[in-house]
Amino acid sequence: MNYKTLKDFPEDFLWGASTSAYQVEGAWDEDGKGLSVQDVGKYPEGTTDFKVASDFYHHYKEDIKLFAEMGFKAFRFSVAWTRILPNGIGEINQKGIDFYNNVINELLSYGIEPIVTMYHFDLPYELEKKGGWSNRETIDAFENYSKVVFESFGDRVKYFLTINEQNMMILFGAILGTAGEDGEDPAKKLYQQNHHMLLAQAKAMKLCHDMCPSAKIGPAPNISSVYPATSKPEDILAASNFSSIRNWLYLDAAVYGRYNSVAWSYMEKKGCTPVIEDGDMEVLKAGKPDFIAFNYYSTMTVAENKEEDMNDKSKADQQRAFAEGGVFKAAESVGLPKTEFGWPIDPVGFRNTLREINERYDLPLIVTENGLGAYDKVEEGDIIDDEYRIDYLRKHIEQARLAITDGVKLFGYCPWSAIDLVSTHEGCTKRYGFVYVNRDEFDLKDLKRIKKKSFYWYKDVISSNGEKLE
Ligand code: BGP
């Protein structure tokens, strides 16, 4: 739909950007921090580990100053569970609490709203050794950890996110380093883990409402509209299958406290339905989100897959679909350009996705990731001309405004990432930030911060409340 006049971004719109603890902090074993699954993982050849990352742990003041200079209204970051509970459960590490208190207080001193993700791919290794999310005790461990988070930070934090991209951990855990040491688990185990995470999330949402009545909480999955490769009814059905399995399984459970019926039938077909114990569904229903946070990078395109044994995940990741026998298979998108890393670029798909979520759930929405991974170059005079990133973000912000005009209750936009950090599986030279961090995969150099062209551009976007995009 075209409009003659567009609605404005709301006046208190949360312009900001995002990071996650293990991808940005470094200080992997400092000040009492315990090991997470990311610290013991195997890293793809040619890519760095997460030991130093962007060293935000030691640079947070300098970095937050840069965020303030850009005019951020919000900063979305995650708490490393192992920094405050080194073993996942048990003794609290005061130094970890102190670090996040410092970060939160520093943000607030500039009037930047902290948006806190409680768990972003970094399960404590001590819990993983006891079975990780396959073990029901991890639900209690997460509830206990949530309690510590709410007790420690709930007096100042108004927005909490439960679990980052639970859907991606279930679909691509081996790639994201969250699947444990033996690589990908069988589907039966994965969907049991999924059930446990859903319960943990529901308990945390309930606890947040009980303990911090003025705070709001929501899930943070990766959501992408799924397109059929053609208008053939069979392709449309395949797209609906994949969307239920990839998107709605997670949001239906978070918002309505029930399993999506197509996703459930898929699990039945594969023989991987989870064991649901007495009282579980009541727990799911009792946890209600105040809003939906979601990460959007691109849409997915799929086609009918008639062959039962046509399963292929070899080229798949967060934004590249795969093939499931008799359910769907990845197809080429029509006419969409791709990033250097092969992810389709689809700003209109962003509007589609916003509208779809709005129609299904009718809740306020915040975008907690969106962005372009690229090999940035530093030219003479410390110039980083990342016009391609500006172009990507500009087109997505334009579509966000159209979605607001469509009636979507969007209250914030936090692209990925505030500063350069280490990608989940493609190293630190796949950069996303507004601020360049001077390091290579294996040469830490001086970790100097350099403002990219997009830094100045985003500053203008924010100060004009989304009016000035050129
Ligand atoms: C999301 C994750 C982030 C982030 C981003 C970019 O899936 O929530 O942690 O890294 O994708 O992906 P990548 O790092 O694989 O390029």
Side-chain angles (χ1 to χ4, degrees), residues 16-26 36-38 41 43-44 46-50 53-54 56 75-81 115-123 161-179 197 218-224 246-247 250 292-300 313 315-322 338-345 350 353 366-376 386 388-389 392-393 396 413-434 437 441:
S18 293
T19 60
S20 87
Y22 82 98
Q23 293 174 276
V24 80
E25 283 178 4
S36 85
V37 292
Q38 298 296 343
Y43 313 103
T47 68
T48 182
D49 55 31
F50 299 100
S54 305
F56 178 78
F75 173 51
R76 179 229 177 186
F77 62 98
S78 77
V79 167
W81 187 340
I115 300 178
V116 174
T117 315
M118 294 162 61
Y119 163 44
H120 192 127
F121 298 165
D122 53 356
L123 188 75
L161 314 179
T162 53
I163 301 178
N164 179 72
E165 295 194 356
Q166 180 177 329
N167 53 343
M168 296 299 103
M169 284 197 274
I170 297 304
L171 293 171
F172 304 113
I175 289 170
L176 300 172
T178 60
M197 275 192 235
N222 176 316
I223 304 293
S224 298
R246 184 195 192 280
N247 298 319
Y250 301 88
I292 294 171
F294 76 102
N295 302 341
Y296 173 88
Y297 289 88
S298 85
T299 46
M300 322 290 285
K313 250 189 172 176
K315 291 191 201 78
D317 68 7
Q318 301 103 303
Q319 305 310 147
R320 278 183 286 230
F322 51 101
K338 287 189 177 151
T339 72
E340 285 178 301
F341 291 84
W343 290 5
I345 300 178
F350 186 35
T353 304
I366 178 166
V367 175
T368 40
E369 289 181 32
N370 174 232
L372 179 82
Y375 295 110
D376 296 339
D386 58 343
Y388 37 87
R389 180 167 295 108
Y392 176 101
L393 295 170
H396 284 77
Y413 177 72
C414 293
W416 188 263
S417 49
I419 61 172
D420 285 348
L421 38 67
V422 185
S423 143
T424 57
H425 64 290
E426 293 181 297
C428 71
T429 43
K430 183 185 192 184
R431 296 173 185 273
Y432 284 90
F434 294 106
V437 175
E441 294 298 341

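For ligands, and for the atoms within them, numbers begin at 1 and follow the listed sequence.
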Legend entry - Reported OG1-to-CG distance for the pair Thr339 and Leu372, which is rounded to 0.5 angstrom: 6.0 Å
Atom indices of ligand 1 within 4.0 angstrom of [X] heavy atoms, with elements:
X	value
His425	15 (O)
Asn164	8 (O)
Phe121	2 (C), 8 (O), 9 (O)
Gln318	1 (C), 7 (O), 11 (O), 12 (O), 13 (P), 15 (O)

Legend entry - Side-chain touch Arg246/Asn167, heavy atoms, less than 4.5 angstrom: yes
Inset, instruction - With the side chain counted from C-beta on, respond yes when Thr19 and His120 share a heavy-atom pair under 4.5 Å apart, and no when they do not. - result: no
Inset, instruction - Evaluate the criterion side-chain hydrogen bond (donor to acceptor under 3.5 Å, both in side chains) for residue pair Asn222 and Tyr250; output intermediate values, then yes/no. - result: CA-CA 10 Å; Asn222 176 316; Tyr250 301 88; over 6 Å; no
Which protein heavy atom lies closest to [atom], and at what distance to 0.1 Å?
atom	result
atom 5 (C) of ligand 1	Tyr297 OH, 3.2 Å
atom 6 (C) of ligand 1	Tyr432 OH, 3.4 Å
atom 10 (O) of ligand 1	Gln23 NE2, 2.9 Å
atom 2 (C) of ligand 1	Glu369 OE1, 3.3 Å
atom 7 (O) of ligand 1	Glu165 OE1, 2.5 Å
atom 15 (O) of ligand 1	Thr424 OG1, 2.5 Å

Inset, instruction - Check whether any side-chain N or O of Arg389 sits under 3.5 Å from a backbone N or O of Phe434 as a donor-acceptor pair, and report yes or no. - result: no
Legend entry - N/O donor-acceptor pair under 3.5 Å between Ser18 side chain and Thr368 backbone: yes
Which one holds for [X] and ligand 1: side chain close, backbone close, both close, or neither close, with close meaning a heavy atom under 4.0 Å?
X	result
His120	side chain
Phe341	neither
Trp343	side chain

Inset, instruction - Output all residues satisfying ring pair (Phe, Tyr, Trp, His ring centres under 6.0 Å) with Phe341, sequence neighbours left out; order by chain, then residue number. - result: Tyr375
Legend entry - Pairing residues for Glu340 by the side-chain hydrogen bond (donor to acceptor under 3.5 Å, both in side chains) criterion, not counting sequence neighbours: none
Legend entry - Under-4.0 Å salt bridge between Arg431 and Asp386: no
